[in-house]
Structure formats: C-alpha cells, structure tokens
Amino acid sequence: MSAALETSALTKRFGKAPAAVDNLSITVPRRAIYGFLGANGAGKTTTLKLVLGLLRPDAGSIRLFGKPRAEASARIGSLIETPSLYDHLTGRENLDIARRLLGLPPREIDRVLEIVDLDRSAARRRAGGYSLGMRQRLAIARALLGSPQLLILDEPANGLDPDGIRDMRTLLRRLPEIGDMTLIVSSHLLSEVELVATHVGLLHRGRLLVEAPLDQLRGDEAVEVATADPAQSARILIDAGFSVVTNRPANAPMLVTGAQPAAIASLLVARGQSLSHLSTRRQSLETIYHDQIGRAA
Ligand code: ATP
C-alpha cells in the first residue's frame, strides 16, 4: 500500500541562505503518528508548508497516497503556526464558516466538537475568550472537518500548560483510531512525542538524520555511567569507539550506546577510572535526538 506521504529529494531555498529543506526524502506510512522533530530552524515548518502546497519546492517531489501532490484528491487537514480564529464569533460559528466553505452538512460540526472534547456550552462562547488549549482544540476540530486522511499539526502543544498538554496527548492518540487517519506532528517536546508517536523523523539543517518506527529506534539499550572524572571517562569510551552522550540535563550521568555494561565497566576500571554508577536503560527520544545531532555535528 502506498504511503500517506512520500517526499523525494525535496529542496527549498530562501534567498542565498543554505537550503531550508535540503534534498529531503521522508516516508510517512498510513495510520502512523509521525513525530517530525528538529531544532528551531531545522526546516520542519517549511517542509509541512511544501506538503500543503503553501510553498513551491525548488526541486524534488511530493506524493500523497501514491499520487503526485497536485493530483491527490485526499483531503488534508492542517494546523500550521498559531490558529487563526474569528475571536468575535463563537466556536461553533467558527466551525460553521469552514464547514460551509467545504460544502459539508451541519451535523459535521457536532462530530468534530465531540472528537476534540469541546462541549456544547464552550462551543456557544466567543472564541476570543478561549484558553490557548481550547483554541488549539477548536483549530484541530476545524482541521478535522470532512474527515481528512492526513492531518498535519505544527507544534500543537506549543505554549500549553500541563493539563493542556495532557489533553492534547489524549486527543492525538485517539485520532488514528477514529478513522483511517495519518498524523504528522511537529514538535520540540521530545518527551511528548515519545508518548504519542509511532514513527519519528529527525531533521537537522534541512536534512533527514534518521527516520524509523519509534520502537525500532529505542530498541538498543543505553548504559548510564557516572565516574569521578566524567570528561576523562568519556574520552576513553569515545576512543574505544563507543557512542557517548554527555550534554545531558544537569548532573545526569553520561549515556553510552553500542556496548555491553560489562565491557564499559572493565574498560573504565582498567584505565583507572573510579565508577560510581552503572545501569542500563532503554533509550529515550531525548538521548536518541542528542546522539544523532551530535554525530551530525
Ligand atoms: P521552528 O521549530 O523554529 O518552527 P522549523 O524547523 O519549523 O523551526 P523553518 O521555519 O522551516 O524551521 O525554517 C527553516 C529555515 O528557513 C530557517 O533558517 C528560516 O529562517 C528559513 N525560512 C523559513 N521561512 C522563510 C521565509 N519565508 N523567508 C526566508 N527564510 C525563511
């Protein structure tokens, strides 16, 4: 079965700067929740705008459900950057305008309100008085009008408080189950992506560093190592060909991948390092992210 989205050698330049999207080939399988990751300026929004036809590529191609982008009849819902809502209108009126433009029946509004869990009394209130979380949900409800096969959300949890983030997570997880839907979600919140994504694509300076099912990516266990002289220990491990992540949150031990714990311990001890901690853990997306970015640099 053809992928929901396939880009091939996609390239986009703005002026003389290095290409914002550089020879990018990604594949988003159907029914995936594809976490699209990368630092600020990595090219995520530009890629998503190219997919939506809001920007024209300089080179490369985009296929949606097996067809060239321009010929694809599949409906795509999207929420890119901050949601543009009519603040003086109610939530329901906002949806009604979009519904009419799409030529959909009125009952479609209740369907999407229910999915995003905006109740009827909230839908009767002016959107201008909504919290950011409610605005995001209303904008997603609007993107869901007409049951899109592909939903593209750019930073849907941006700026939300912990409750809002949790609600967004619940909603995102539910979406592929509601219909035959594929989700692409760009985000900086690695711990969030880890909780919802089935697949991950990591972008760095417009290029794809890694793309894989999340389970596969997390498959290798990492070893946490703390010693009296972490800098020296890291050098020893790197010289021995192990992959070491040191730029971790304050006081967190370094992470070593590509080696068994026993091999790490005996190497460090043999080189006179004093070990204070050694444990194995499954790789978090954060580790994978820093590891991949570190290698690219
Ligand atoms: P963020 O996480 O900050 O949203 P991003 O990964 O979405 O980042 P993009 O917004 O796609 O990154 O930007 C990629 C690069 O392209 C950046 O260097 C940005 O400055 C540049 N860029 C994006 N849009 C334009 C534009 N309209 N004109 C000129 N440069 C642009």
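Remember, predicted model here, so these are calculated numbers, not experimental data. In each ligand, atom 1 is the first atom listed, and ligand 1 is the first ligand listed.
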Participant: Atoms of ligand 1 less than 4.0 Å from H188 heavy atoms?
Facilitator: 2 (O)
Participant: What protein heavy atom is closest to atom 10 (O) of ligand 1, reported as residue, atom name and distance in Å?
Facilitator: T45 CB, 3.7 Å
Participant: Looking at atom 8 (O) of ligand 1, what's its closest protein heavy atom, distance included?
Facilitator: G41 N, 2.7 Å
Participant: Quick check on side-chain contact (heavy atoms from CB on, under 4.5 Å): which of T257, V225, L237 does V244 satisfy it with?
Facilitator: L237
Participant: Counting both backbone and side chain atoms, is some N or O of F14 under 3.5 Å from an N or O of ligand 1?
Facilitator: no
Participant: Can a protein heavy atom be found under 4.0 Å away from atom 20 (O) of ligand 1?
Facilitator: no
Participant: With the side chain counted from C-beta on, respond yes when S233 and M254 share a heavy-atom pair under 4.5 Å apart, and no when they do not.
Facilitator: yes
Participant: Closest heavy-atom contact between T27 and E211?
Facilitator: N-OE2, 3.0 Å
Participant: Measure from NZ or CZ of K12 to the centre of the six-membered ring of F14 and say whether it is under 6.0 Å with the direction within 45° of the ring axis.
Facilitator: yes
Participant: To check you understand the geometry: which heavy-atom pair defines the closest contact between L160 and M168, and what is its length?
Facilitator: CD1-CE, 4.0 Å
Participant: Using a strict 4.0 Å cut-off to heavy atoms of A42, name the atoms of ligand 1 that fall inside it.
Facilitator: 5 (P), 6 (O), 12 (O)
Participant: Is it the side chain (CB and beyond), the backbone, both or neither of S186 that lies under 4.0 Å from ligand 1, heavy atoms counted?
Facilitator: neither
Participant: Which heavy atom of the protein is the closest neighbour of atom 12 (O) of ligand 1, given with residue, atom name and distance?
Facilitator: G43 N, 3.1 Å
Participant: Between S25 (side chain) and A9 (backbone), is there a donor-acceptor pair under 3.5 Å?
Facilitator: yes
Participant: If I apply the N/O under 3.5 Å rule, does A20 come out as touching ligand 1?
Facilitator: no
Participant: To check you understand the geometry: which heavy-atom pair defines the closest contact between E194 and L285, and what is its length?
Facilitator: OE2-N, 2.9 Å
Participant: Does any N or O of ligand 1 fall below 3.5 Å from an N or O anywhere on G38, backbone included?
Facilitator: no
Participant: Before accepting this row, confirm whether a basic side-chain N of the pair R92/D96 lies closer than 4.0 Å to the acidic partner's carboxylate O.
Facilitator: no
Participant: Compare K49, K12, R13, K44 and give the one whose heavy atom is closest to atom 2 (O) of ligand 1.
Facilitator: K44
Participant: Hey, is ligand 1 close enough to T46 that some N/O pair sits below 3.5 Å?
Facilitator: yes
Participant: Quick one: which of L202, I26, T7 gives a side-chain contact (heavy atoms from CB on, under 4.5 Å) with L208?
Facilitator: I26
Participant: Starting from atom 3 (O) of ligand 1, what is the nearest protein heavy atom, named by residue and atom, and what distance separates them?
Facilitator: N40 ND2, 2.9 Å
